[in-house]
Undergrad: 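The structure follows.
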Amino acid sequence: MFGSPGNQQRSTHMTSVATKTSHVFHSWSAQEHVDPLHAVAGSGASFQDDKGQEYLDFAAQLVNLNLGHQHPRLIKAIKTQAETLTTIQPAFANDARSELARLIAEAAPPALNHVFFTNGGADANEHAVRMARLHTGRRKIMSMYRSYHGATATAISLTGDPRRWPNEPSDSSVVHFFGPYTYRSAFWASCEKEECERALAHLEAQIVLEGAATIAAIIIETVVGTNGILVPPAGYLPGVRALCDKYGIVYIADEVMAGFGRTGTMFAVENFGVEPDLITFAKGVNSGYVPLGGVIISDAIVATFADTVYPGGLTYSGHPLACAVGVETFAVFEDEDILARTQYLGREIVGPFLEKLAREVELVGEVRGLGLFWAIELVKDRTTREPLVPFNPSSEENAPMLRIGAALKAAGLWPMIQQNRIHIAPPLIISETELVRGLEIIRQVLKAQ
Ligand SMILES: Cc1ncc(COP(=O)(O)O)c(C=O)c1O
């Protein structure tokens, strides 16, 4: 036996101290420097800590909680499924799994009709890459700088931000390219149209120089999430689709963060009129109540595995509890008109509020977004656009953003802060009053800097 009797006794009780620190090894952290907030309850767009402080959740946790905390219908779906069949391995047919796959296929673009379920977003991208490689017989994958695709071996290699650096070397067959980002153009572009044309010309040149016949797939977050809520110019994704068709490359849309209503459409690609070959999803599919992700697969790629074994699987692929919440998510989207309200709140409330904020507050360099997915980019100087903190800041350099984050929390708003930006991604069920209250907190805090 390990541990003293005292330890054994403690392990059977959830004491507040034990849940806060003790034996949990924390993600993305130096273990001696973590001081996690102890969350004890949540409801709708808010959650509470153990000191009774309530936070308006402007990050929807990690942009997964699209239907908010403790949605009664999602909880009921878990209970009902748990009482019926809590788990069953993936080789069996199961009602919740089949029904969710059907609903997803129906919502996805017309030629994407099958779903491979995973446990989350990173493994969805791992499998999408594996499918693309086996389908094309090629190895190389192209992905963007300023992207995040997950923390498993290939997914972190695809990632185009500092989270990749300490994980190198891993999958050596990944090449990064610059996507469109008009505010900080890599192409000296002065407008969206120019940025679009030049980003596509850069991508094509890179495809040719890398050897088009070596490239299995291009993976792109439809709207770049943690790296800046970068909404692509209108023609960019159709241009990528055309390049993929021209060179026989699989187009993978990573919609782990942007999918399931975040941008006001079920899949973000609908905003841009493109049909990828593979779409990866997770997070909003069931608000993360039970871990779930997956790959939606085109008929052409499914055909590759008609007589050839697909060499991949997961013990919990299509877990019934997770899928039951996914099925109920579709019903709630319909009954609560989630897509229409997300579009309305983005277009009529967040957009105009942030535009006004940008005129009022010198610190704001740019605001941008779609649906309930926005960024406020903070700068030292509006003319030079020098970011308020440098790229990948040290903790000393990051002091201004840490100060802003602390002030937002003290005012009861739980923010998502990335580099020199405040991201706005609340649950899609947030009320208009709560949304305006949260935006007002941001305005007050920024004005006070
Ligand atoms: C665009 C994108 N892809 C993939 C992932 C990885 O998902 P997970 O953390 O479920 O592995 C994330 C997570 O934030 C993401 O934002």
Side-chain angles (χ1 to χ4, degrees), residues 26-29 57 59-66 115-130 132 141-164 167 170-171 174 176 179 181 217-232 237 251-263 267-269 271 276 278-296 312 314 316-319 322 325-326 369-375 416-419 421 423-425 427:
H26 289 267
S27 333
W28 310 113
S29 300
D57 191 348
Q61 294 300 293
L62 296 180
V63 199
N64 59 279
L65 204 65
N66 288 8
V115 180
F116 176 75
F117 288 111
T118 62
N119 303 329
D123 47 343
N125 287 330
E126 294 282 331
H127 282 278
V129 163
R130 191 178 306 182
I141 310 291
M142 295 185 70
S143 65
M144 280 184 184
Y145 289 114
R146 304 186 197 277
S147 68
Y148 181 68
H149 295 291
T152 52
T154 295
I156 198 73
S157 307
L158 301 172
T159 290
D161 79 17
R163 285 171 281 192
R164 186 184 76 249
N167 288 293
S170 42
D171 188 324
V174 174
H176 291 93
Y181 182 9
I218 297 175
I219 183 166
I220 293 177
E221 289 176 77
T222 307
V223 173
V224 172
T226 46
N227 281 272
I229 323 291
L230 304 173
V231 183
L237 294 176
Y251 169 19
I252 305 171
D254 179 340
E255 299 228 354
V256 168
M257 194 175 268
F260 287 90
R262 179 56 53 195
T263 67
F267 295 105
V269 284
N271 294 295
L278 297 167
I279 298 177
T280 57
F281 66 87
K283 299 189 187 260
V285 61
N286 66 1
S287 291
Y289 278 39
V290 182
L292 182 66
V295 188
I296 320 174
L314 298 148
Y316 307 127
S317 177
H319 195 286
V325 192
L370 194 61
L372 284 174
F373 205 26
W374 290 78
M416 171 159 275
I417 292 189
Q418 299 285 339
Q419 308 268 344
R421 303 174 304 267
H423 290 186
I424 296 174

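All values derive from a computational prediction rather than experimental measurement. Both counts, for ligands and for their atoms, begin at 1 and track the order of listing.
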Undergrad: Going by the rule side-chain hydrogen bond (donor to acceptor under 3.5 Å, both in side chains), which residues pair with S143 if we only count those two or more places apart in sequence or in a different chain?
TA: H176

Undergrad: Under a 3.5 Å distance rule, please check whether D57 uses its side chain to pair with a backbone N or O of A60 as donor and acceptor.
TA: yes

Undergrad: Output the distance between atom CG (L65) and atom CG (N286), rounded to the nearest 0.5 Å.
TA: 10.0 Å

Undergrad: Does the side chain of T226 pick up a donor-acceptor pair with the side chain of Q418 at under 3.5 Å?
TA: no

Undergrad: Heavy atoms under 4.0 Å from ligand 1: which residues qualify?
TA: G120, G121, A122, N125, Y148, H149, G150, E221, D254, V256, M257, K283

Undergrad: Does R163 count as lying over the ring of Y148, i.e. NZ or CZ under 6.0 Å from the six-ring centre, within 45 degrees of the axis?
TA: yes

Undergrad: Classify the ring geometry of F116 against H127: parallel below 30°, tilted from 30° to 60°, perpendicular beyond 60°.
TA: tilted

